Asks: 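Below you'll find the structure I mean.
First the proteins, then the strands, lettered A, B, ... as listed; each starts at 1. Everything quoted here is computed from the prediction, not taken from an experiment.
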Amino acid sequence: MFDFKKETGAQLNDRFLNRTALSLLMLAVVYTLEVSRSLAANDIAAIMNRAGGILSLILLINLLPVTIKLMWFKYKRKPGCNDPNGFVASTFKEAAVRGFTTSFIAMLVALELSRDVLSVWSATVFLHIILALTLGVLSISFLLANRETEPGDDFGDDLADEFDKEPSA
Amino acid sequence: MSGELDNRIRVFRAEHRMSQGELADAIGVSRKTISTIEVGRFVPSTVIALKLAQFFKAPVEEIFSLQSKK
């Protein structure tokens, strides 16, 4: 089991980015609920409003402790917590680029739709849709790229055993 | 010569009898970074490559090489 007390700066940085992606996914759901709320009937809208509030609270609980710990590590100048070169950090950057591309395309589509087809929708609804899409694409692409795919990541012990073996005569 | 990066981190790790976690801690990265470099899923930055070379006291070319075209 992972020991949080022995967590290094690099591990904490990875955990922070994972939590951030998860929080962004929740935020995407909150914005999706906002869009649905503006289109739904009053009683359903009230439920969606409450669900959005609960999700926002979970988002804060999910992100706040790890953020405070990371800030403390940075204050203490622990090695690894400022490292932008690791696998998780570069995966996050790639996901951010995908998110930006999505927002740009979504804005172009929204611009066209707002002129003719969906001219009755307010600008807020369009902004919520674009935000939900951007954050959704960013977080999902990060979480997919960052999932564990290598079975038995740690080969150290196996290899040590191989090196322990006496060469056959 | 193709653009695929080959590495011998696993061999160096075994020679030093180290786990991925221990190596990660030694050079200040996460275990995930080491494991993804080992399997060729992640191409490390120059800084990480130099840190590995410095740690194993070996030239970078001995740890990393470009795969030759078959």
Asks: Show the atom names and distances, to 0.1 Å, of all donor-acceptor pairs under 3.5 Å that link a side chain in residues 123-138 of chain A to residues at least two apart or in another chain.
Replies:
| from | atom 1 | to | atom 2 | distance (Å) |
| --- | --- | --- | --- | --- |
| A/T134 | OG1 | A/I130 | O | 2.8 |

Asks: Let me know which of B/I34, B/T36, B/V29 forms a side-chain contact (heavy atoms from CB on, under 4.5 Å) with A/F87.
Replies: B/T36
Asks: What side-chain donor-acceptor pairs closer than 3.5 Å can you find for residues 20-34 of chain A, not counting sequence neighbours?
Replies:
| from | atom 1 | to | atom 2 | distance (Å) |
| --- | --- | --- | --- | --- |
| A/T20 | OG1 | A/F16 | O | 2.6 |
| A/S23 | OG | A/R19 | O | 2.9 |
| A/S23 | OG | A/N62 | ND2 | 2.9 |
| A/T32 | OG1 | A/A28 | O | 2.7 |
| A/E34 | OE1 | A/R37 | NH2 | 3.1 |
| A/E34 | OE2 | A/R37 | NH2 | 3.4 |

Asks: With a 4.5 Å cut-off on side-chain heavy-atom distances among I, L, V, M, F, W and Y, is there a chain of contacts connecting A/Y75 to A/I68?
Replies: no
Asks: Could you tell me which non-hydrogen atom of B/F42 sits nearest to which non-hydrogen atom of A/S90, and how far apart they are?
Replies: CE1-OG, 3.1 Å
Asks: Take atom CD in B/Q54; do more than 12 heavy atoms of anything else shown fall under 6.0 Å from it?
Replies: no
Asks: To the nearest 0.5 Å, what is the distance between CG on A/N18 and NZ on B/K32?
Replies: 7.5 Å
Asks: For the residue pair B/G28 and A/A10, what are the closest heavy atoms and their distance?
Replies: O-CB, 3.9 Å
